[in-house]
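Every chain is numbered from 1, with letters handed out A, B, ... down the list of sequences. These figures come from a predicted structure and were not determined experimentally. Basis for what follows: all heavy atoms, side chains included, without hydrogens, waters or symmetry-related copies.
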There are 2 protein chains.
Amino acid sequence: MSDPEGFKKVSEDVHVSNEAVNSNPYGPNPADFLSNVSNFQLIESTLREGEQFANAFFTTEKKIEIAKALDDFGVDYIELTSPVASEQSRKDCEAICKLGLKAKILTHIRCHMDDARVAVETGVDGVDVVIGTSQFLRQYSHGKDMNYIAQSAVEVIEFVKSKGIEIRFSSEDSFRSDLVDLLNIYKTVDKIGVNRVGIADTVGCANPRQVYELVRTLKSVVKCDIECHFHNDTGCAIANAYTALEGGARLIDVSVLGIGERNGITPLGGLMARMIAADRNYVLSKYKLHKLRDLENLVAEAVQVNIPFNNPITGFCAFTHKAGIHAKAILANPSTYEILNPGDFGLTRYIHFANRLTGWNAIKSRVDQLNLNLTDEQCKEVTNKIKKLGDVRQLNIDDVDSIIKEFHSDLLTPAPTGPTPHVIEGLDESDSKRLRNE
Amino acid sequence: MSDPEGFKKVSEDVHVSNEAVNSNPYGPNPADFLSNVSNFQLIESTLREGEQFANAFFTTEKKIEIAKALDDFGVDYIELTSPVASEQSRKDCEAICKLGLKAKILTHIRCHMDDARVAVETGVDGVDVVIGTSQFLRQYSHGKDMNYIAQSAVEVIEFVKSKGIEIRFSSEDSFRSDLVDLLNIYKTVDKIGVNRVGIADTVGCANPRQVYELVRTLKSVVKCDIECHFHNDTGCAIANAYTALEGGARLIDVSVLGIGERNGITPLGGLMARMIAADRNYVLSKYKLHKLRDLENLVAEAVQVNIPFNNPITGFCAFTHKAGIHAKAILANPSTYEILNPGDFGLTRYIHFANRLTGWNAIKSRVDQLNLNLTDEQCKEVTNKIKKLGDVRQLNIDDVDSIIKEFHSDLLTPAPTGPTPHVIEGLDESDSKRLRNE
């Protein structure tokens, strides 16, 4: 073939350079000088937002078990349901504060002195205050104007600060709030000295570039840390969290499996997948990723749901490779189709070879595992037999192993010639028999 | 209270203005003049990428049933497994081409004349060609250099074009490919006249701003449409798709429930949630959203998975509201906590009131549904009883209805006074009895 017209031929060899291997195209963007991708913290809200999940009813014992598991995993903060939600909620909050966990304990309250007075007596390390600032919430939820909101905020913040504990002020439904109102109140609370201000996509419809813009703008207005809370109604909660960190946010609210109101918020496991792709060393230094699966199973059982089949990292097929072309490359070098290393999570990868999309490289790998000795040509031949049976029905590993073993055995003992009755086109008699017996 | 220092007081009333109601903060960004958020198309790949899902084995009949359902839903293209994957794959491709669907039928092949010659004879409306361009895939998959790739691409493209059908050229693992190599080959194939070029995040680790930059850059290099394919290993496949459209991509690859290699690609339903939040009219004019649930159930059953509990739109709790503060506002105006209208998908919303986080507005709404007559004060009183029982155990609707009915009945027939044995603190006798009987 001659060179195609217009194609700028470049001299190169196909060997992967060290530069390509060592650089991470999914890492922090060097142009984001305010980025906290390599300096983020987690506010774990399974015991607050997660309690708002339809199926959630946590007993005191279960709350303590979950809090300990979260602490062991390494989350920075654990957020609990408001102590004014119910009598038991207050007692549970006090009990968890007494556990002496490494994680700081927060509780989440309305921007109201009645709530704040109860919260500061529970023993928490900090209080997360929230108030609706969108016109929708101001009209249909609390009915207050921005001036009233600012006054309440200042009163509550100064009261909580006087108790020597952390305080966060967050708007609710931030993306449908008037930008000037928002910046105005954030600037006010920053001046009186909150630890964090929060942005919340309460209705779960924000998109990543919108998040980036708002965080960047807010970053230019306040000196304190920025925390973000993303609902997942439109499936963007993980991406929005990542983009918020790129824009300069420092803390992300997560829950195990993302449980929360409606279909929930940024899931802990999914965010770990996202962050380890960006900065593996930072993530591994802070969080015990091999405990993720147990943590998810604990919470899934408590709220009676199954781990979604397509869950990042722990979904049953997250590290399963099937198409022949994928299997071939994965066998040569897992990095070809896999950036996440299953070993980081205490998991293993699986090459799915028992199907019609399989390729001879995957089958050859299986032949080697079976300690059989076949040439490449013979592997290709037996692969064709497997693909033919795979066209007729779903295969399991035993089917494939049987075909390989029979093929191998037939090589040693050639089969008798002559026509065989009831043979299915393309399959030999033993395959056809197995198929007919199904 | 006096005005907080530094807060810029603004005059306002709390009533929502028409401007706030009619403007969509989640709509297309007017600064994105190349955006296709309101002009996108779907390439539905359940029968190609989806067949690479670990559990997938589609019979011919099931493929036809799924293809018809996708066509009825309104997808623009249906992509099928390569006809060279297996003999039955080729026959199924031919059978689906003969159905006379409105959607255009594509098949997906390696960038090789052997595959192309078979593909063009199946009756498809177009061929999607793919080749690995990252150094990883060039070394460990096909072992070819960029000059060879360009030559093969031109040969295959000119051959497919000569048959009068559509042709797409895509790189694989685009985000780990050398940018100059990528733009070079895209420019070459654009010049000879492909219908689309494709960007693929084959390993599922791209992030939204990275996607936006690459699409914008590519948009300045080629005249043809840009198609994008995002794996979901780090949970960003929906957000990446949306951001790609913002950057000027026109077509997004999706599959039902996102099924595909590993944990799959951008899910059809999740992308519909994202897009309807941005441009409801466009989405409703093209796609039959009320058929989404049946379509998902069809595919879930075929590949033997459950719909994830937190699936966008069709997850069992996607439109369930629980916390008292949410329920109150939702009852006043659903838009407060819900941008997506469940009615658009043939679904209904549900206010979860049988739990300790409930509020009196939610209970009052239930009282009204039960046709009982209680004052606001009485509703608050019965709400406290419900929250107390909700502190002790998980409640169901019958529990709440019984408490409300007994409370209402007690108002008409005052209970006898005097101490009652075995009464649980805070609950009256009938509540305590029910509880002890549990």
B/S86 vs A/R356, side-chain hydrogen bond (donor to acceptor under 3.5 Å, both in side chains): CA-CA, chis, key distance, verdict: CA-CA 6 Å; B/S86 74; A/R356 66 175 154 207; 4.6 Å; no
Which of [options] touches chain B most, by non-hydrogen pairs under 4.5 Å:
options	answer
A/A318, A/G235, A/A239	A/A318
A/G270, A/G315, A/G258, A/A206	A/A206
A/R209, A/Q210, A/M272, A/Q52	A/R209

Structural part of [X] lying under 4.5 Å from a heavy atom of chain B:
X	value
A/Q304	side chain
A/F175	both
A/A277	side chain
A/N355	neither
A/I185	both
A/T60	neither
A/H321	both
A/A56	both

Ring centre gap for B/F53 and A/F309 strictly below 6.0 Å: yes
Donor + acceptor pair across side chains of B/T314, B/N311 (<3.5 Å): yes
Cation over ring face, B/R349 and B/F319, 6.0 Å, 45°: no
